[in-house]
**Student:** 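Before anything else, here's the structure in question.
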Amino acid sequence: MNQIIKDKLKSLTTKPGVYIMRDIDGNVIYVGKAKNLKNRVSQYFRNSPKPSKVQAMVENVANFDYFITMSEMDALALESNLIKEHQPFYNILLKDGKQFPYIKINLKEPFPRFEIVRRVKKDGAKYFGPYFAGLDPREILKTINTAFKIRTCTSKITENSVAKRECLNYSLGLCSAPCTKRITREEYLSEIERAINFLNGNDNEIEEILMQKMAKASENENFEHAILLRERLKMIKKLKDRVVANLPKDVAKDVFAYVTDGLSGVITYMAVRGGKILGIISYPCMDAELEEGQTLFNFISQYYQNMIVPNEIILSHEIPSADVLAEYLGKKINFISNPHGINKSLLDMAKENAREYLEKHIEKDRLKYNNTMGALKVLKEKLGLRELPIRMECYDISNISGTNKVCSMVVFKNGEPSKKDYRKFKIKTVKGSNDFASLEEALRRRLKRYIDKNGESFKEKPNLLVIDGGKGQLSSCYEILTSFNLHNDIQMISLAKRIEEVFHPFSSQPTLLKPASAELKLLQRIRDEAHRFAITYHRTLRLNKMAKSVLDDIPGVGPKKRDALIKAFGRSEDIAKLDIDILESLPEINHSLAVTIHEYFKSHPITYSVEE
């Protein structure tokens, strides 16, 4: 413990707040909240035994900052924002993106329909789920439609509106056609109620309906339909296999079990709805908390974004400040950390899954560390970097004969891609094929945005800029860095493809990293990702320009007809291959114009270039 930390510990307050642990390079490696800042932060630096992961984090702490808040609730909200902003290595990081799917129905509509959503809103609709671990909500909805003929179309149907004719689903026996009033609203809502009854856990009625339909299909020698119904019945059996004995069907509860070996950890989540286990999923967990209950608290506070929070949550460890967590999640929750009976059986099942996951994936987690944070530490040492390259950025240019010039900016944080921070540039000022000048323009624009703090991904300082190329590319880019007076704040290297040499601004001799080493593979990954991202963006621009510019040159093809052609047939090179009769099948294209388009492409053939 250095003198800076000793002095700060003496001045700590007993008020609630958030603390930020930093390494020797000033990088944020952990963010935590505390009801009492002095007690909480001091615990990390006492000479008492600590879990291995906590000790590993403490050994890397060179300084810390803290923020005082009005309440523990405010501290929780601030902690969440800071974790999202800095993505510290020793915090639980649940990736944003895909959420578990739910089945939603809005009963306020005259003729409601079921739909699959991944975001739960407070809109008065009913939500069923979450569905995961082998349960596909699409198959569940298909089963509902087969049994109860609920509409799937997005048409707006009112009690007074009448469509001209029924859709194909009506003919297939998959819809009751409320659009043409083949069924009354009362009869339709009765079918909806039966479907909801099934989603709430009552499988017997729908199973009986499907078995009767399958028998009838077989009797009529409609074996293809009978096989389809048999598959639907298999899905019902899958649901029945997940029934928890002696558990009421109207109970919804979640289970969280945390298992750790001191260094690695796993949290297993189990969702129980309608008397069934809808799914079990395990998450590797890195969290430098001193108590296991606090780790669960941290995980749960992140987990329920865009999800329904049940009234009952079963936990493997007692969590601190349960009332604060309930308030943060927005509802009254019964947290059970010492369960009995059926709740204990559910928790034991979750624990067993967590132990098995930990045992199987512990080596995988260590390998991930070696390829990310471990590789960053080796890079810092072998390349003589001033600070750990927590945020790395790599740039690459893509063009064909100087046209549609673009530059990609790829970002890695803690040794992993941070795709939400990726950015792309259209090169505006460079004429012809000049990769040096194009790279300089993109870098100049990026650094200007950093100085102006303009843009979420641009306002954060990169620790290391990786340039794809040799000494020449590095020198020209380093001049840009110097012109902004950032050469002392931001480090830069380049990676040459021939024998994967790493060049430094002030050294004529490159560094050769060990072939197939984790640190070299990390540089290769970010370089290749920048190349892929640039090529993808360039191809998109080129194809869009091709499709629109060629069609715009054809007499009689205006914006509306051009867009109709692209929507119906795709790219211009695809349209060029079409016969006249296919072209005029489009309502917007008459015979005369179809001939004009066909003749135009015959006299103006599209040429293709090969991308590097």
**Student:** Would a distance-only check, ignoring hydrogens and angles, find a side-chain to backbone donor-acceptor pair under 3.5 Å from Arg446 to Phe425?
**Tutor:**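 No; zero donor-acceptor contacts below 3.5 Å.
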**Student:** Mind checking whether Asp396 and Phe533 have side chains closer than 4.5 Å, heavy atoms only?
**Tutor:**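 No, too far: nothing below the 4.5 Å cut-off.
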**Student:** Hey, would you say the Tyr283 and Phe299 ring centroids sit under 6.0 Å apart?
**Tutor:**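 Centroid separation for Tyr283 and Phe299: below 6.0 Å.
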**Student:** Between Leu37 and Tyr66, what is the shortest heavy-atom contact and its length?
**Tutor:**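 Residues Leu37 and Tyr66, closest heavy atoms: CD1-CD1, 4.0 Å.
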**Student:** Contact between Ile277 and Met349 at the side-chain level, heavy atoms closer than 4.5 Å - yes or no?
**Tutor:** yes
**Student:** What I'd like to find out is whether the side chain of Glu529 reaches to under 4.5 Å of the side chain of Arg525, using heavy atoms alone.
**Tutor:**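 Side-chain contact under 4.5 Å: no.
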**Student:** Count the heavy atoms belonging to other residues, nucleotides or ligands that lie under 6.0 Å from CD of Glu318, then report whether that count exceeds 12.
**Tutor:** no
**Student:** For atom CD of Glu356, is the number of surrounding heavy atoms from other residues, nucleotides or ligands below 6.0 Å larger than 12?
**Tutor:**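 No - once you tally the heavy atoms of other residues, nucleotides and ligands closer than 6.0 Å, there are 12 at most.
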**Student:** Do Tyr269 and Phe256 have ring centroids that are under 6.0 Å from one another?
**Tutor:**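 Yes, they do, as the ring centres are separated by less than 6.0 Å.
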**Student:** Got a sec: does the CD of Glu291 have more than 12 other heavy atoms crowding it under 6.0 Å?
**Tutor:**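 Yes, CD of Glu291 has more than 12 neighbouring heavy atoms, counting only those of other groups under 6.0 Å.
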**Student:** Give the intermediate values and the outcome of salt bridge (charged side-chain N to carboxylate O under 4.0 Å, His left out) for residues Glu416 and Lys368.
**Tutor:** CA-CA 10 Å; Glu416 295 186 277; Lys368 179 183 175 182; 3.6 Å; yes
**Student:** For Asn298 and Thr295, test the side chains for any donor-to-acceptor distance below 3.5 angstrom and give the result as yes or no.
**Tutor:** no
**Student:** Between Asn414 (side chain only) and Thr372 (backbone N and O only), is there a donor and an acceptor less than 3.5 Å apart?
**Tutor:**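 No; judged by distance alone, with no hydrogens or angles, the pair does not exist.
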**Student:** Return the minimal non-hydrogen interatomic distance between Ser438 and Ile427, and the atom names on each side.
**Tutor:**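 The pair with the smallest heavy-atom distance is O-CD1, 3.5 Å.
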**Student:** Please check if the side chain of Lys471 supplies one atom and the backbone of Ser494 the other of a donor-acceptor pair under 3.5 Å.
**Tutor:** no
**Student:** Go through Phe412 and Val466 one step at a time and tell me if the side chain to side chain contact (heavy atoms under 4.5 Å, CB included) criterion holds.
**Tutor:** CA-CA 11 Å; Phe412 275 32; Val466 180; over 6 Å; no
**Student:** Would you indicate whether the side-chain heavy atoms of Tyr102 and Met307 approach each other to under 4.5 Å?
**Tutor:**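 A side-chain contact exists here, since the closest heavy-atom pair is under 4.5 Å.
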**Student:** Looking at Arg449 and Asn454, would you say the former's side chain and the latter's main chain have a donor-acceptor pair under 3.5 Å?
**Tutor:**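 Yes, Arg449 side chain to Asn454 backbone: donor-acceptor pair under 3.5 Å.
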**Student:** For Asp65 and Lys8: C-alpha separation, side-chain torsions, deciding distance, then whether salt bridge (charged side-chain N to carboxylate O under 4.0 Å, His left out) applies.
**Tutor:** CA-CA 9 Å; Asp65 299 316; Lys8 283 193 173 182; 3.2 Å; yes
**Student:** Evaluate whether atom NZ of Lys360 has more than 12 neighbouring non-hydrogen atoms of other residues, nucleotides or ligands under 6.0 angstrom away.
**Tutor:** no
**Student:** What I'd like to find out is whether the side chain of Leu290 reaches to under 4.5 Å of the side chain of Val54, using heavy atoms alone.
**Tutor:** yes
**Student:** Let me see the working for Ile526 and Leu495 under side chain to side chain contact (heavy atoms under 4.5 Å, CB included), right down to the final yes or no.
**Tutor:** CA-CA 10 Å; Ile526 193 170; Leu495 180 64; over 6 Å; no
**Student:** Looking at Phe132 versus Phe100, is the centre-to-centre ring distance below 6.0 Å?
**Tutor:**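 Centroid separation for Phe132 and Phe100: below 6.0 Å.
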**Student:** Please tell me whether Thr429 and Glu441 have a donor and an acceptor in their side chains that are separated by less than 3.5 angstrom.
**Tutor:**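 Note: Thr429 and Glu441 side chains meet the donor-acceptor criterion.
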**Student:** Determine, for Lys461 against Asp489, whether the closest basic-nitrogen to carboxylate-oxygen distance falls under 4.0 angstrom.
**Tutor:**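 The answer is no: the pair does not qualify as a salt bridge.
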**Student:** Please step through salt bridge (charged side-chain N to carboxylate O under 4.0 Å, His left out) for the pair Lys53 and Asp287, ending with a clear verdict.
**Tutor:** CA-CA 8 Å; Lys53 60 183 177 181; Asp287 189 53; 5.8 Å; no
**Student:** Let me see the working for Leu12 and Lys10 under side chain to side chain contact (heavy atoms under 4.5 Å, CB included), right down to the final yes or no.
**Tutor:** CA-CA 6 Å; Leu12 274 172; Lys10 291 176 184 177; over 6 Å; no
**Student:** Say whether, by atom type as modelled, one donor and one acceptor occur between the side chain of Gln473 and the main chain of Gly470 under 3.5 angstrom.
**Tutor:** yes
**Student:** Looking at residues at least two apart in the chain, or sitting in another chain, which of them share a side chain to side chain contact (heavy atoms under 4.5 Å, CB included) with Ile451?
**Tutor:**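 So Ile451 forms a side chain to side chain contact (heavy atoms under 4.5 Å, CB included) with Phe484, Leu486.
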**Student:** Provide the closest heavy-atom pair for Arg273 versus Ile308 in the form atom of the first, atom of the second, distance.
**Tutor:**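 Taking Arg273 first and Ile308 second, the nearest heavy atoms are NH2-O, 4.1 Å.
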**Student:** Donor-acceptor pairs under 3.5 angstrom involving side-chain atoms of residues 329-340: please list them, not counting sequence neighbours.
**Tutor:**
from   : atom 1 : to     : atom 2 : distance (Å)
Lys331 : NZ     : Val309 : O      : 2.6
Lys331 : NZ     : Asn311 : OD1    : 3.0
His340 : NE2    : Asn338 : O      : 3.4

**Student:** So, does Gln302 use its side chain to make a donor-acceptor pair with the main chain of Ile92 at under 3.5 Å?
**Tutor:**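 Side chain of Gln302 to backbone of Ile92: a pair is present.
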**Student:** Under a 3.5 Å threshold, yes or no: a donor from one side chain and an acceptor from the other, between Asp254 and Tyr303?
**Tutor:**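 No donor-acceptor contact under 3.5 Å links the two side chains.
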**Student:** Using a strict cut-off of less than 4.0 Å between a Lys/Arg side-chain nitrogen and an Asp/Glu carboxylate oxygen, indicate whether Lys344 and Asp348 qualify as a salt bridge.
**Tutor:** yes
**Student:** Counting C-beta onward and ignoring hydrogens, is there a side-chain heavy-atom pair between Lys50 and Met57 closer than 4.5 Å?
**Tutor:**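 Contact flag for Lys50/Met57 side chains = no.
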**Student:** Among Leu481, Thr482, Leu474, exactly one meets side-chain contact (heavy atoms from CB on, under 4.5 Å) together with Pro505. Which residue is that?
**Tutor:** Leu474
**Student:** Is a side-chain donor or acceptor of Asp23 paired with a backbone partner of Asn27 at a separation under 3.5 angstrom?
**Tutor:**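 A pair under 3.5 Å: yes.
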**Student:** Could you tell me whether Tyr478 and Phe506 have their ring centroids closer than 6.0 angstrom?
**Tutor:** yes
**Student:** Quick check: do Gln491 and Leu465 have side-chain heavy atoms less than 4.5 Å from each other?
**Tutor:** no
**Student:** Around atom CD of Gln43, are there more than 12 heavy atoms of other residues, nucleotides or ligands at under 6.0 Å?
**Tutor:** yes
**Student:** To check you understand the geometry: which heavy-atom pair defines the closest contact between Arg40 and Glu289, and what is its length?
**Tutor:** NH1-OE1, 3.2 Å
**Student:** Does Lys38 NZ have over 12 foreign heavy atoms under 6.0 Å away?
**Tutor:** yes
**Student:** Is it true that a side-chain atom of Ser398 and a backbone atom of Val406 form a donor plus acceptor pair closer than 3.5 Å?
**Tutor:**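 Side chain of Ser398 to backbone of Val406: no pair is present.
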**Student:** Measuring from atom CE of Met21 to atom CD1 of Ile29, what distance do you get when rounded to the nearest 0.5 angstrom?
**Tutor:** 8.0 Å
**Student:** Any salt bridge linking Asp468 with Lys497? Criterion: basic side-chain nitrogen under 4.0 Å from a carboxylate oxygen.
**Tutor:**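 A salt bridge is present here (some side-chain N lies under 4.0 Å from a carboxylate O).
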**Student:** Any heavy-atom pair between the side chains of Cys477 and Tyr395 that's under 4.5 Å?
**Tutor:**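 Tyr395 vs Cys477: side chains apart.
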**Student:** So with a 6.0 Å cut-off around NZ of Lys514, is the heavy-atom count from everything else above 12?
**Tutor:** no
**Student:** Using a distance-only test with no angle check, is there a side-chain donor-acceptor pair under 3.5 angstrom linking Asp7 and Gln3?
**Tutor:**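 Per modelled atom types, Asp7 and Gln3 side chains form a pair under 3.5 Å.
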**Student:** Would the distance check show the side chain of Thr536 and the main-chain N or O of Arg532 forming a donor-acceptor pair, the cut-off being under 3.5 Å?
**Tutor:** yes
**Student:** Is the backbone of Gln87 close enough, under 3.5 Å, to the side chain of Asn91 for a donor and an acceptor to pair up by distance?
**Tutor:**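 It does not hold such a pair.
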**Student:** Show your reasoning for whether side chain to side chain contact (heavy atoms under 4.5 Å, CB included) applies to Val411 and Arg391.
**Tutor:** CA-CA 7 Å; Val411 180; Arg391 177 182 171 116; 3.7 Å; yes
**Student:** What are the two closest heavy atoms between Thr13 and Asn36, and how far apart are they?
**Tutor:**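 Result for this residue pair: O-OD1, 4.1 Å.
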**Student:** Would you name the heavy atoms of Ser316 and Ala257 that are closest together and state the gap between them?
**Tutor:** OG-CA, 3.5 Å
**Student:** What is the distance from atom CG of Leu513 to atom CD of Glu501, rounded to the nearest 0.5 Å?
**Tutor:**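 The CD atom of Glu501 is 11.0 Å from CG of Leu513, to the nearest 0.5 Å.
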